[in-house]
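Step one of this worksheet: look at the structure below.
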Amino acid sequence: MTIMTLQGDTGIDLSHRRLRTLAPHLDRPHISHLSAVPTDDVVLYGPWDGEEEDLAAAAAAGRRAAEWVRSLPQAPVSGPVGTWLLRDVPETIETAPASLDPQDCDRMESDGVIVDGTGGIDEEIRSALAAVPGAVQDALWLTSDQQIRLVAVPSLVTGAARLLAEDPGTAITTGELSRMWALLDHTIY
């Protein structure tokens, strides 16, 4: 873990705003990295109570949601949107929750670079899930109810991944992740 402080030529630590207000005469501030603890002593990850069960529930919820998408009516005329929605989207929805990984969380690297975690969902899957709302508007053979539910499913899946990326311990130990799957089930049933 690294603490970043702003220092002027005096070596006094000041916040950026206070530096401008209290010491405008100082040369440009620079960023220094101070190690808060030796990196060898930092525990980056440890499994949380209930993690295995939550991840198994995530995979099961993804399978149920994918089956629901596959059960939607097919387009009356074959086309790219219908094929994509009923073939590729269910596969993506099934894969995403099964790929969740609490270790892929937001973190700071040893060199001080902040890395946004993905919760285990790679860019290709996130991109496909993000495209669903735009494609659903062209799925005129689906009812409005089916369309809105189809938009909600990938939103809940990506939301669950974001919960894990931002704070996996809280998402798992407080039941936030489990509630996402309950919302998903409510959406598809």
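The first residue of the sequence shown is numbered 1, and numbering continues consecutively from there.
For the pair Thr173 (side chain) and Gly169 (backbone), a donor-acceptor distance under 3.5 Å is present. With hydrogens and angles disregarded, no donor-acceptor distance shorter than 3.5 Å links the side chain of Arg63 to the backbone of Glu94. Under a 3.5 Å cut-off, the side chain of Arg87 and the backbone N or O of Arg70 do not form any donor-acceptor pair. Under a 3.5 Å cut-off, the side chain of Thr95 and the backbone N or O of Thr92 do not form any donor-acceptor pair. Not a single donor-acceptor pair under 3.5 Å links the side chain of Thr170 to the backbone N or O of Asp167. Using modelled atom types, one side-chain atom of Gln137 and one backbone atom of Gly134 make a donor-acceptor pair closer than 3.5 Å. Checked by atom type and distance alone, the side chain of Asp101 never pairs as donor or acceptor with a backbone atom of Gly119 at under 3.5 Å. Without hydrogens or angle criteria, Trp141 side chain to Pro73 main chain gives a donor-acceptor distance under 3.5 Å. Looking at Glu176, its side chain never comes within 3.5 Å of a backbone N or O of Leu163 through a donor-acceptor pair.
Separating the CD atom in Gln103 from the CG atom in Leu164 is a distance of 11.5 Å, to the nearest 0.5 Å. Atom CD of Glu53 sits about 10.0 Å away from atom CD1 of Ile172, to the nearest 0.5 Å. For the atom pair Ile148 CD1 and Ser155 OG, the distance stands at 9.5 Å (nearest 0.5 Å). In this structure, CE in Met108 is found 4.0 Å from CD1 in Ile114, a value given to the nearest 0.5 Å. Within the model, atoms CG of Leu129 and CD of Glu124 stand 10.5 Å from one another, a figure rounded to the nearest 0.5 Å. Considering CZ of Arg64 and OG1 of Thr187, their distance stands at 11.5 Å, rounded to 0.5 Å.
For the residue pair Asp54 / Ser178, a side-chain donor-acceptor distance below 3.5 Å is found, with atom types taken as modelled.
The two residues Asp104 and Gly120 have their closest heavy-atom pair at OD2-N, 3.4 Å. The minimum heavy-atom distance linking Ala65 with Ile93 is given by the pair CB-CG2, 3.7 Å. Gly117 approaches Ala165 most closely through the heavy-atom pair O-CB, 3.5 Å. Nearest heavy-atom pair across Ala58 and Pro97 is O-CB, 3.0 Å. Contact between Ile188 and Arg149 at its shortest, heavy atoms only, is O-NH2, 2.9 Å. The nearest pair of heavy atoms linking Trp48 to Pro102 is CZ3-CB, 3.9 Å.
Heavy-atom neighbours of Glu52 CD from other residues, nucleotides or ligands within 6.0 Å: at or below the threshold of 12.
You'll find the side chain of Leu150 reaches within 4.5 Å of the side chain of Trp68, heavy atoms only.
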Can you check side-chain contact (heavy atoms from CB on, under 4.5 Å) on Leu184 and Tyr189, steps first, answer last? CA-CA 9 Å; Leu184 185 67; Tyr189 294 120; over 6 Å; no

Derivation of the side-chain contact (heavy atoms from CB on, under 4.5 Å) call for Asp106 and Val115: CA-CA 6 Å; Asp106 297 344; Val115 177; over 6 Å; no

Please determine whether side-chain contact (heavy atoms from CB on, under 4.5 Å) holds for the pair Leu85 and Val69, giving the CA-CA distance in whole Å, both sets of side-chain angles, and the decisive distance to 0.1 Å. CA-CA 8 Å; Leu85 284 175; Val69 175; 5.9 Å; no

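Checked for salt-bridge contact, Arg162 and Asp116 miss the test: no charged N lies under 4.0 Å from a carboxylate O. Contact check on Glu123 versus Arg126 returns a salt bridge, with a Lys/Arg side-chain nitrogen under 4.0 Å from an Asp/Glu carboxylate oxygen.
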